[in-house]
Asks: 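Here's a structure for you.
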Amino acid sequence: MDLSGKVAVVTGAGRGLGRAYAEALAAAGAAVVVNDVDGDAATGVAGGIAAKGGRAAAVVAPVGSAEVAERLVDTAVKEFGRLDVMVTNAGILRDRVLWKMTDDDFDAVIGVHLRGTFTCARAAAVRMRDQGSGGRLILVSSPAGQRGNFGQTNYAAAKAGVVAMARTWAMELARANITVNAVVPVAATEMTKTIPAFAPVIEEAERIGKPFPDWLRKDEGLGTVEDVAPLVVFLASDASAGVTGQAIGIGGDRLALWSHPAEKAVAYAEGGWTADAIAASWRTGVGAGPETYGIPAPRNPVPEAPKTTETR
């Protein structure tokens with residue numbers, strides 16, 4: 001996939017998935033603006049890209065404000081002459097159950113994930129429309145936004161909002177030839193390593209330097225951050241010109257298209273419904289097959305990591 005001549009911004013690109021996106025885009029030929037709140041991480045990724053013959057610039061700043069979003073776009077234009085791709089990846093976690101979540105916990109996550117996506121996409125859309133040659137908005141969502149997740153009111157709400165914005169902007173930006181899609185990644189990151197069902201397997205695979213087992217890569221669709229990056233490269237390319245308004249999952253060996261919400265069952269009552277009528281018909285009518293919620297537990301039991309004895 002050749003991205004020569006294209007310029008991309010990747011937010012939260014100092015480590016994890018964001019770093020994988022930035023490095024993959026650069027390897028395909030794009031110039032990349034590497035954004036992160038960690039200055040050493042951002043400059044390290046940009047420097048690594050440059051050391052391999054690529055083009056990169058670092059911007060150290062927290063996303064969320066319009067000023068930072070405009071700075072990212074301005075850097076792309078100043079350093080590389082244009083902007084073709086905006087990848088809104090930056091994020092934080094403040095996990096708590098509902099009754100323990102503070103206003104600050106909620107606002108911080110919404111500010112980075114949802115507002116940060118909005119401000120960065122808006123600044124990018126303004127620039128791309130002015131350029132008149134189209135562009136790509138690649139918004140990073142999560143399975144938590146599609147299904148909900150225990151202890152993640154703020155994160156799940158933000159990630160669901162990201163997909164809703166992708167659908168809306170796909171309509172609004174179609175005439176400008178700007179595609180908008182949401183990526184739903186699943187990968188072994190510092191966050192997923194905290195999930196009890198996966199942590200032992202991930203730690204053991206990393207310890208002995210072997211690939212993740214097939215059941216994890218296929219059944220659960222969970223692999224490395226590098227497994228996710230090709231989807232971002234594809235969506236940044238000319239090959240994806242007809243793909244917009246979609247939520248696309250990737251992880252391990254799995255590539256998936258997420259469905260959009262739709263009416264599952266419909267019933268009618270002449271003159272309208274009363275509460276009693278709804279109650280009487282619910283279990284045999286529209287409520288006969290209720291939707292599931294939450295991210296499903298692994299379908300395979302996690303084998304216990306082998307015990308090792310070290311001698312000195």
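All residue numbers in this chain count up from 1 along the given sequence. These numbers come from the heavy atoms of this one structure, side chains and all, not from hydrogens, waters or symmetry mates.
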Asks: Say whether, by atom type as modelled, one donor and one acceptor occur between the side chain of N89 and the main chain of T11 under 3.5 angstrom.
Replies: yes

Asks: With sequence neighbours left out, which residue pairs that include part of residues 229-239 fulfil the side chain to side chain donor-acceptor pair (under 3.5 Å) condition?
Replies: K6-D238

Asks: Do R147 and T292 have side-chain N/O donor and acceptor atoms under 3.5 Å apart?
Replies: yes

Asks: Atom CG of L93 and atom CG of N154: how far apart are they, to the nearest 0.5 Å?
Replies: 8.0 Å

Asks: Taking R254 for its side chain and D219 for its backbone only, find out whether a donor-acceptor pair lies under 3.5 Å.
Replies: yes

Asks: Do M1 and P230 have side chains that get closer than 4.5 Å, going by heavy atoms?
Replies: no

Asks: Please report the closest heavy-atom contact between T43 and G39, naming both atoms and the distance.
Replies: OG1-O, 2.8 Å

Asks: Output yes when a side-chain donor or acceptor of K264 lies under 3.5 Å from a complementary backbone atom of G289, and no otherwise.
Replies: yes

Asks: Just jot down the side-chain hydrogen bond (donor to acceptor under 3.5 Å, both in side chains) partners of E226, sequence neighbours excluded, or say none.
Replies: T224

Asks: Using the rule that two of Ile, Leu, Val, Met, Phe, Trp, Tyr join whenever any of their side-chain heavy atoms come within less than 4.5 Å, decide whether V59 and Y21 are in one cluster.
Replies: no

Asks: Ignoring hydrogens and angles, write down the donor-acceptor pairs under 3.5 Å from the side chains of residues 160-172, residues two or more places apart or on other chains.
Replies:
| from | atom 1 | to | atom 2 | distance (Å) |
| --- | --- | --- | --- | --- |
| R167 | NE | H260 | NE2 | 3.4 |
| T168 | OG1 | A164 | O | 3.0 |

Asks: For residues 266-282, tabulate all N or O donor-acceptor pairs below 3.5 Å that involve a side-chain atom, not counting sequence neighbours.
Replies:
| from | atom 1 | to | atom 2 | distance (Å) |
| --- | --- | --- | --- | --- |
| T274 | OG1 | A277 | N | 3.0 |
| S281 | OG | A277 | O | 3.1 |

Asks: Indicate every side-chain donor-acceptor pair of residues 118-131 with a distance under 3.5 Å to a residue at least two apart or in another chain.
Replies:
| from | atom 1 | to | atom 2 | distance (Å) |
| --- | --- | --- | --- | --- |
| T119 | OG1 | G64 | O | 3.3 |
| T119 | OG1 | R115 | O | 3.1 |
| T119 | OG1 | G116 | O | 3.4 |
| R127 | NE | Q131 | OE1 | 2.9 |
| Q131 | OE1 | L83 | N | 2.9 |
| Q131 | NE2 | L83 | O | 2.8 |

Asks: Without hydrogens or angle criteria, can the side chains of D2 and S4 be said to hold a donor-acceptor pair below 3.5 Å?
Replies: yes

Asks: Without swapping roles, check the side chain of D84 against the backbone of V7 for a donor-acceptor pair under 3.5 Å.
Replies: yes

Asks: When the side chains of residues 178-187 are checked against the rest of the protein, which donor-acceptor pairs come out under 3.5 Å, sequence neighbours left out?
Replies:
| from | atom 1 | to | atom 2 | distance (Å) |
| --- | --- | --- | --- | --- |
| N181 | OD1 | G245 | N | 3.3 |
| N181 | OD1 | Q246 | N | 3.0 |
| N181 | ND2 | V243 | O | 2.9 |

